[in-house]
Q: 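Okay, here's the structure, questions in a sec.
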Amino acid sequence: MKNQLEGRTALVTGASKGIGRGVALALAEEGARVIGVARPSSDLDALADQLGSRGETWALDASSDAFLERIGTLGRLDVLINNLGTNRPKPIAQITDEDLDVMLDLNLRSLYRITRAGLAKMNRGAAIVNVSSQMGHVGSPARTVYCMTKHGVEGFTKALAVELAPRGIRVNSVAPTFIEPPMTKPMLANPEFARFVKDSIPLGHVGSVEDVAAATLYLASPAARMVTGHSLLVDGGWTAQ
């Protein structure tokens with residue numbers, strides 16, 4: 001069914017490249033008026049060109065107070081895609097307090113604050129999709145902080161889904177395995193690590209941005225009207241083992 005998001009306003013954080021960009025374009029294809037948010041860059045300018053009359057971009061740090069204030073200017077918000085996040089994979093002994101603070105702030109604190117601000121503009125029928133990770137369901141070496149934050153995203157998703165159900169607002173997460181956007185390219189460039197990843201995925205290959213965008217679109221759409229508090233794993237079977 002085409003144009004299933006016609007007339008709806010969707011906000012996507014971390015939208016300039018990778019998963020965020022793919023999701024923003026997928027939502028626009030289904031008729032949503034898309035607001036793509038990211039720090040100023042040529043990638044964000046390119047997204048603005050691709051969206052054209054179907055949306056706009058905000059050149060803002062999505063973890064900033066200025067961004068939260070801008071959300072407050074919206075008349076309404078129907079779909080919120082929380083795609084902000086980062087990773088600094090290191091053994092625990094090498095994780096600095098600065099590493100810890102950056103990941104906790106971006107992966108959890110900012111997500112919480114953005115969601116709280118967005119909810120002030122949401123009504124019955126709205127949907128929130130948090131971009132989590134398969135690492136929100138399992139553990140992995142050199143990813144203690146990342147796993148901790150993504151488990152937190154999954155817990156937040158479930159709790160908020162229950163809290164908002166009486167208001168008719170759905171909250172879900174999408175949990176990808178290793179995808180090939182910019183953030184994972186340096187990791188997958190290591191042949192030994194790339195082999196470990198592919199050997200851990202029963203389907204035998206990493207995912208694409210399009211795989212995650214399709215899952216996110218489903219959760220954001222009326223097709224998922226009875227789905228809330230769920231984590232949709234796009235992991236090729238990694239967590240099924």
Q: Please tell me whether Val131 and Ile179 are part of a single hydrophobic cluster in this structure, the criterion being side-chain heavy atoms less than 4.5 Å apart.
A: yes

Q: Distance-only, no hydrogens or angles: does the Arg70 side chain make a donor-acceptor pair with backbone N or O of Asp65 under 3.5 Å?
A: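 No, because the side chain of Arg70 does not come within donor-acceptor range (under 3.5 Å) of the backbone of Asp65.
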
Q: Say you draw a straight line from CG of Asp78 to NZ of Lys121; how long is it, rounded to the nearest 0.5 Å?
A: 12.5 Å

Q: Under the side-chain contact (heavy atoms from CB on, under 4.5 Å) rule, what do Glu154 and Met135 come out as? Steps first, then yes or no, please.
A: CA-CA 10 Å; Glu154 296 294 352; Met135 295 304 172; over 6 Å; no

Q: For Val212, which of Leu232, Val174, Asn83 qualifies under side chain to side chain contact (heavy atoms under 4.5 Å, CB included)?
A: Val174

Q: Can you measure from CZ (Phe193) to CG (Asn190) and round to the nearest 0.5 angstrom?
A: 8.0 Å

Q: Side chains of Leu68 and Arg113: does their closest heavy-atom pair fall under 4.5 Å?
A: yes

Q: Tell me the closest heavy-atom pair linking Leu77 and Met122, and the distance in Å.
A: O-CG, 3.2 Å

Q: Scan side-chain atoms only and decide if Thr157 and Asn130 contain a donor-acceptor pair under the 3.5 Å cut-off.
A: yes

Q: Is it the case that atom CZ in Arg225 sees more than 12 heavy atoms from other parts of the structure closer than 6.0 Å?
A: no

Q: Measuring from Leu100:CG to Ile92:CD1, what's the distance to the nearest 0.5 Å?
A: 9.5 Å

Q: Report yes if the distance between the aromatic ring centroids of Phe196 and Phe178 is under 6.0 Å, otherwise no.
A: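 No: the rings miss the under 6.0 Å criterion.
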
Q: Where do Arg195 and Asp199 land on the salt bridge (charged side-chain N to carboxylate O under 4.0 Å, His left out) test, with the steps shown first?
A: CA-CA 6 Å; Arg195 188 163 50 252; Asp199 287 348; 5.3 Å; no

Q: Where do Ser41 and Ser16 come nearest, in terms of heavy atoms and distance?
A: OG-CB, 4.1 Å

Q: Check whether Thr13 reaches the backbone of Leu84 with its side chain - one donor and one acceptor, N or O, closer than 3.5 Å.
A: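 Side chain of Thr13 to backbone of Leu84, a donor-acceptor pair under 3.5 Å: yes, one is there.
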
Q: Look up atom CG in Leu219 and atom CD1 in Ile81, then write down how far apart they are to the nearest 0.5 Å.
A: 8.5 Å

Q: Roughly how far apart are Ser231 OG and Asn172 CG, rounded to 0.5 Å?
A: 8.5 Å

Q: side-chain hydrogen bond (donor to acceptor under 3.5 Å, both in side chains), that's the test. Do Asp211 and Ser208 meet it? Break it down for me.
A: CA-CA 5 Å; Asp211 295 327; Ser208 70; 3.1 Å; yes

Q: Is any side-chain heavy atom of Arg88 closer than 4.5 Å to a side-chain heavy atom of Val145?
A: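 Heavy-atom side-chain distance check fails, nothing below 4.5 Å.
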
Q: Quick check: closest heavy atoms across Val79 and Ala220, and the distance to 0.1 Å?
A: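 That would be CG1-CB, 3.9 Å.
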
Q: Keeping the roles fixed (side chain from Gln241, backbone from Trp238), state whether a donor-acceptor pair exists under 3.5 Å.
A: yes

Q: Do you know which two heavy atoms are closest between Leu51 and Ala24, and how far apart they sit?
A: CD2-O, 4.3 Å

Q: If two hydrophobic side chains count as joined below 4.5 Å and joins carry through other members, does Val102 share a cluster with Val153?
A: no

Q: Could you walk me through whether Leu188 and Glu180 pass the side-chain contact (heavy atoms from CB on, under 4.5 Å) check?
A: CA-CA 8 Å; Leu188 294 171; Glu180 292 205 56; 3.9 Å; yes

Q: I'd like to know if the side chain of Ser64 and the backbone of Phe67 have a donor-acceptor N/O pair within less than 3.5 Å.
A: yes

Q: Check the pair Ser200, Val197 against side-chain contact (heavy atoms from CB on, under 4.5 Å), reporting the backbone distance first and the verdict last.
A: CA-CA 5 Å; Ser200 299; Val197 168; 5.9 Å; no

Q: Under a 4.5 Å cut-off applied to non-hydrogen side-chain atoms, are Ser133 and Tyr146 in contact?
A: yes

Q: Any side-chain heavy atom of Met103 sitting closer than 4.5 Å to one from Thr86?
A: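 They are in side-chain contact.
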
Q: Is it true that the side chains of Gln134 and Thr239 contain a donor and an acceptor less than 3.5 Å apart?
A: no

Q: Could you check whether any side-chain heavy atom of Val129 comes within less than 4.5 Å of a side-chain heavy atom of Asn82, counting everything from C-beta outward?
A: no

Q: Gly22 and Val209: which non-hydrogen atoms are nearest, and at how many Å?
A: CA-CG1, 3.7 Å

Q: Taking Val234 as the starting point, is it possible to reach Val227 by hopping between hydrophobic residues whose side chains are less than 4.5 Å apart?
A: yes

Q: Would you say that more than 12 heavy atoms from the other residues, nucleotides or ligands in this model lie under 6.0 Å from the CD of Glu192, or not?
A: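 Open: at most 12 neighbouring heavy atoms sit under 6.0 Å from CD of Glu192.
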
Q: Has the side chain of Arg170 got a donor or acceptor atom that lies under 3.5 Å from a matching backbone atom of Gly125?
A: no

Q: Please check if Val23 and Ile114 belong to a single hydrophobic cluster, counting links between Ile, Leu, Val, Met, Phe, Trp and Tyr side chain heavy atoms closer than 4.5 Å.
A: no

Q: Are Thr96 and Asp99 linked by a side-chain donor-acceptor pair shorter than 3.5 Å?
A: yes

Q: Could you state whether Leu111 and Ile35 fall into the same hydrophobic cluster, counting links through intermediate Ile, Leu, Val, Met, Phe, Trp or Tyr residues with side-chain heavy atoms under 4.5 angstrom apart?
A: yes

Q: Report yes or no: do Ser221 and Glu30 form a side-chain donor-acceptor pair below 3.5 Å?
A: no

Q: Is there a side-chain contact between Leu164 and Arg167 in this structure, where contact means two heavy atoms from C-beta onward sitting under 4.5 Å apart?
A: yes

Q: Search all heavy atoms of Thr149 against all heavy atoms of Leu108 and return the closest pair with its distance.
A: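 Here Thr149 and Leu108 meet closest at O-CD2, 3.4 Å.
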
Q: For Arg33 and Arg8, what are the C-alpha separation, side-chain angles and deciding distance, and is it a side-chain contact (heavy atoms from CB on, under 4.5 Å)?
A: CA-CA 6 Å; Arg33 169 93 182 157; Arg8 302 194 182 196; over 6 Å; no

Q: Between Tyr112 and Phe156, what is the ring plane arrangement, given parallel below 30°, perpendicular above 60°, and tilted in between?
A: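 Tyr112 vs Phe156 ring planes: tilted.
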
Q: Is a donor on one side and an acceptor on the other found under 3.5 Å between the side chain of Thr57 and the backbone of Val37?
A: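 Pair absent, no side-chain N/O of Thr57 close to backbone of Val37.
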
Q: State whether the side chain of Lys17 and the backbone N or O of Leu44 hold a donor-acceptor pair below 3.5 Å, judged by distance alone.
A: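 Absent.
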
Q: From His151 NE2 over to Asn107 CG, what is the distance, rounded to the nearest 0.5 angstrom?
A: 13.5 Å

